[in-house]
Amino acid sequence: MERLRGADLSQSDKCQKIMELAKRRGFFWPSYELYGGESGFIDYGPLGAILKRKIEEKWINQFVVKEGLMLIDTPVIGPSAVFEASGHTAHFTDPIASCSRCGRKWRADHLLEDQAGISAEGLALVELDAALKEHEVHCPECGGNLEAPQVFNELFKTTIGPYSEHVGYGRPETAQGIFVNFKRLHELARNRLPFGVAQVGKCMRNEISPRQGPIRLRELTIMELEFFFDPENPHCSKLKEVEEEKLRLLHEELIREGKNEPVELSVREALERNHIKAEWNAYFMVKAKRFLNELGISDGDQFFKEKLVGERAHYSAQTYDQVVRLSRWGFVEVSGHAWRTDYDLKMHMASSGVDLRAYVQFEKPRRVKKFTLKAHHKQLAQVFGKDSGRVTRLLELTPPEEVAEALKADGRYLLRGNGQTYTILPEHVTLKEEEVEEKGRRILPSVVEPSFGLDRLTYATLEYAYSEKNDRVVLKLPRDVAPIQVAVLPLVSKNGLPEKAEQIHSLLKGEGFAVEYDDAGSIGRRYARMDEAGTPIAVTIDYQTLEDGTVTVRDRNSWKQVRVSATKLPAFLREFFQGRDVFAVSS
RNA sequence: GCGGCCGUGGUCUAGCCUGGACUAGGACAGGGGCCCUCCAAGCCCCUAACCCGGGUUCGAAUCCCGGCGGCCGCACCA
């Protein structure tokens with residue numbers, strides 16, 4: 001496929017070998033090769049599909065089952081309203097200006113900021129164009145004039161049904177499927193905070209120029225969870241379990257100082273020094289670190305890198321990327337840990353007009369002075385016509401104090417929502433201040449979001465499992481994600497050994513193991529084949545098996561062998577796959 | 001999207017500059033057979049490829065153009 005020469009070769013050697021192995025043994029390969037290929041897409045083959053699924057299962061086990069969270073599954077396609085509310089149609093996009101002389105493309109907003117020192121935030125394309133001209137921004141490379149900026153939106157666009165005006169988008173993240181269901185999910189969590197909801201699924205991002213095989217895809221699988229907590233009670237109840245754990249952080253301060261190396265801080269220190277702003281984020285970062293450890297990626301090969309303000313997604317108040325060292329690309333993001341605050345719920349509440357606040361009960365009822373707001377429906381209907389229903393709902397969701405203050409100061413209140421601004425005058429409402437007994441309050445939960453790229457994790461797992469021994473490949477996949485668990489091999493293919501091996505094969509299959517039988521070629525060749533596929537255990541049936549019913553069990557990593565009686569084999573293997581060091585004990 | 005390099009069986013590659021003897025060679029992998037007591041042993045046989053389209057030419061894997069794809073650099077990666 002590709003050929004690399006000279007200095008490139010040594011550095012990308014491992015990646016190269018893995019790509020070859022992946023194609024040869026059926027982990028993954030480029031999609032649509034029959035028609036010349038299409039970049040940004042990969043196919044998972046027989047081994048890869050299972051490996052990927054097992055990593056997903058492991059994640060679900062650790063982040064959903066063990067954490068007591070909920071798992072849901074929502075559509076890939078969503079109507080435009082969802083992504084307009086979430087900000088993706090506006091923000092999942094880049095204004096690109098090309099140079100009319102040299103043809104280079106630039107981020108128009110970045111140029112404006114760099115050359116004119118003006119924030120381009122919130123500027124429409126025409127405004128951006130005007131600003132670029134006004135401040136005489138030129139191509140930084142050749143000084144040529146810039147063409148009018150154009151937007152490129154990375155959402156995949158489609159239509160829903162036969163109506164071209166009914167626009168839908170492929171989701172760029174699974175999160176919105178959770179946010180739009182917040183009310184129901186909170187109800188299912190029996191109206192308690194905190195709680196978390198996870199989702200695993202395909203997402204689409206129409207990348208401008210994807211490369212790097214499984215690292216940057218236009219269609220990818222994301223495993224993410226939204227964890228909702230009370231912003232007024234943001235403490236992580238499980239902090240004790242993790243506060244002494246060390247995290248390697250390359251935090252904002254270090255980056256601003258120009259540093260590249262992370263520092264090692266305990267969770268407690270990181271929180272005390274405000275390098276991590278949300279306790280729950282810290283908690284899940286520890287979980288994420290351990291998760292990668294179990295996929296074979298040690299602490300030294302991963303760390304968390306904070307995203308600077310300009311690099312963060314539009315919804316995020318703080319984001320750490322978990323990065324892993326990969327042989328070809330250096331440190332690559334495999335998960336993001338964003339503190340999304342109440343951004344998404346707030347946006348969906350404003351767009352839909354539905355109250356998405358959670359009710360939090362006080363320990364004791366409190367007597368408080370409080371404004372109450374009563375909307376005058378008839379008056380509002382006269383002024384706003386069709387929109388009055390929505391205006392009324394929005395108005396009633398607004399803190400009355402805010403309305404009262406504005407009316408007092410300016411004589412009017414500007415109500416924003418649904419992409420419009422409505423002017424509320426004193427005669428539209430009745431505001432009363434009274435003392436009431438409150439049993440609780442309504443709040444918009446704050447959200448932390450750990451979000452993992454399953455494709456990248458699958459690749460990283462392969463890369464970290466890859467090793468060579470005596471000129472052959474041994475894929476030391478963690479035993480709980482290996483696609484084939486056990487190989488059953490007759491030592492030779494005669495004298496009744498294959499028949500005996502077939503019995504053992506069926507026995508183990510019946511016990512629920514993923515087993516493969518192989519009697520082709522010499523025993524050494526078959527061991528080698530299984531090492532390359534990452535099969536942790538090989539069971540060999542030999543002449544002694546016929547005499548005393550014991551078989552040889554071979555460990556892929558150490559090549560150690562122990563004899564186990566066939567009847568005890570299932571129990572032995574079960575212990576092995578639960579993580580016990582059965583070879584050290586028995587040999 | 002720009003620039004550079006590149007595209008040959010399942011995988012890695014030889015051949016391309018200097019067009020013909022290329023019915024495209026090799027290694028590994030795969031299938032069949034012989035052999036058969038533990039780490040890719042050996043022997044025999046077999047399967048299987050010039051990215052796509054156009055052009056130049058008597059003749060194209062080889063030269064030219066376009067497309068697609070890959071790698072690297074720039075840009076992009078909310």
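The figures that follow rest on heavy atoms only: side chains count, while hydrogens, waters and symmetry mates do not. The chains referred to below are lettered A, B, ... by the order of the sequence lines, with proteins before strands, and numbering in each begins at 1. Only a predicted model underlies this, so the values are computations on that prediction, with no experimental measurement involved.
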Original post:
What one-letter contact string describes nucleotides 31-36 of chain B from 5' to 3', where B marks a base within less than 4.0 Å of any protein heavy atom, S marks contact via sugar-phosphate atoms alone, and - marks no contact?
Top reply: -----B
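In this structure Tyr464(A) satisfies the ring pair (Phe, Tyr, Trp, His ring centres under 6.0 Å) test with no other residue, sequence neighbours excluded. Residues forming a salt bridge (Lys or Arg N to Asp or Glu O under 4.0 Å) with Arg205(A) (at least two apart in sequence, or on another chain): none. When the side chain to side chain contact (heavy atoms under 4.5 Å, CB included) test is applied to Gln212(A), the partners found at least two apart in sequence or on another chain are Ile215(A), Arg216(A), Trp329(A). With sequence neighbours left out, the side-chain hydrogen bond (donor to acceptor under 3.5 Å, both in side chains) criterion links Thr221(A) to Lys52(A). Applying the salt bridge (Lys or Arg N to Asp or Glu O under 4.0 Å) test to Glu547(A) and every residue at least two apart in sequence or in another chain returns nothing. A search for ring pair (Phe, Tyr, Trp, His ring centres under 6.0 Å) contacts involving Tyr517(A) returns His505(A), not counting sequence neighbours.
Using a 4.0 Å cutoff on non-hydrogen atoms, no part of residues 498-505 of chain A comes near RNA chain B. For the segment residues 471-479 of chain A, the set of residues with a heavy atom within less than 4.0 Å of an atom of RNA chain B comprises Arg472(A), in numerical order.
With hydrogens and angles left out, the side chain of Arg525(A) and the base of C39(B) share no donor-acceptor pair within 3.5 Å.
Heavy atoms of Gln212(A) sit under 4.0 angstrom from primed sugar atoms or phosphate atoms, though from no base atom.
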Let me check something: any side-chain donor-acceptor pairs from residues 151-159 of chain A under 3.5 Å, sequence neighbours excluded? List them with distances.
unit_1    : atom_1 : unit_2    : atom_2 : d
Asn153(A) : OD1    : Leu155(A) : N      : 2.7
Asn153(A) : ND2    : Thr89(A)  : O      : 2.9

Identify all pairs in which a protein N or O lies below 3.5 Å from an N or O of nucleotides 50-52 of chain B, and state each distance.
none

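Identified under the side-chain hydrogen bond (donor to acceptor under 3.5 Å, both in side chains) test for residues 484-496 of chain A, with sequence neighbours left out: Asn495(A)-Tyr543(A).
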